Amino acid sequence: MNYWLIKSEPDAFSIDDLSNRPNQTEAWDGVRNYQARNMMRDQMQIGDQAFFYHSSCKVPAIVGIVEVVSQAYADPSQFDPNSKYYDAKSTKDNPRWQLVDFKLVKKFTQIIPLSSIKADPRLNDMPLVKKGSRLSIMPISAQHWQILTGN
DNA sequence: GCCAACGTTGGC
DNA sequence: GCCAACGTTGGC
């Protein structure tokens, strides 16, 4: 079982949007970064847990927990010319981009702001707080997960 | 809106 | 295969 953190801009897709989806589940489309894709494709397993993180907003923060509920499969948006995620160089025989489905597990009543993550020395080596870390999907160690969830 | 840090692109 | 130019991310 692995732990992750996935970023989303709440203006584009927030945890409340996820909460309103059928089955509170969403196909995590639009990831167009090879490192992030590789983690979904090669390492994510059904049952993995992930923090849902709001980025590029007033209070960047971990706002809840989601769970991986599918294996990786081809991101349909790469084949859709009307999608902003369309990739003309990707073919159905050899799709370039993959995704997984995430299901809402819990929306925090108390969010964990980036500022308090940064203020905790035990969390200093989290990828999230490393300088220049822009990955939209990153791994979280079990230890960090426990600290952040208070378990 | 600024800007640092990255990733990608494309000419050579 | 190098690397400058460009685009994007995302905190502040």
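Residue numbering restarts at 1 for every chain, and letters A, B, ... go by the order of the sequence lines. For clarity, every value in this text was computed on a predicted model and none was experimentally measured.
For the pair A:M138 CE and B:dA5 P, the interatomic distance rounds to 16 Å; values are reported in whole Å. Distance CD1 (A:I6) to P (C:dG10): 13 Å, rounded to an integer number of Å. In this structure, A:W97 atom CH2 and B:dG7 atom P are separated by 13 Å, rounded to whole Å. Remark: P of C:dG11 and NZ of A:K58 are 14 Å apart, rounded to the nearest angstrom. Whole-Å rounding puts the A:Y85 OH to C:dT8 C1' distance at 13 Å. Rounding to whole angstrom units, CD1 of residue A:I137 and C1' of C:dG10 are separated by 16 Å. For the pair A:E9 CD and C:dG10 P, the interatomic distance rounds to 7 Å; values are reported in whole Å. Atom-to-atom, CG of A:L5 to C1' of C:dG10 comes out at 13 Å; the value is rounded to the nearest Å.
Partner A:Y53 forms a side-chain contact (heavy atoms from CB on, under 4.5 Å) with one of A:I6, A:I111, A:L114, A:V63 and no other, that one being A:L114. The only member of A:T149, A:L123, A:I117, A:D120 that meets side-chain contact (heavy atoms from CB on, under 4.5 Å) when paired with A:I112 is A:I117.
With respect to the salt-bridge test (charged N to carboxylate O, under 4.0 angstrom), the residues A:E26 and A:R21 qualify. One finds a salt bridge joining A:D75 and A:R32 here, because a Lys/Arg side-chain nitrogen approaches an Asp/Glu carboxylate oxygen to under 4.0 Å. The pair A:R37-A:D42 does not count as a salt bridge, with every side-chain nitrogen at least 4.0 angstrom from each carboxylate oxygen.
Residue A:K7 places at least one side-chain N or O closer than 4.0 Å to OP1 or OP2 of C:dG10. For the pair A:Y53 and C:dT9, the criterion of a side-chain N or O lying under 4.0 Å from OP1 or OP2 is not met. Regarding contacts with the backbone of B:dG7, a side-chain N or O of A:Q35 is found under 4.0 angstrom from either OP1 or OP2. Between A:K118 and the phosphate of C:dC12, there is a side-chain N or O to OP1/OP2 separation shorter than 4.0 Å.
Of the candidate nucleotides C:dG10, B:dT8, C:dC12, C:dC12 has the atom nearest to the side chain of A:L114. Here C:dG10 is the nucleotide among C:dG10, B:dT8, C:dG11 with the atom lying nearest to any side-chain atom of A:R134.
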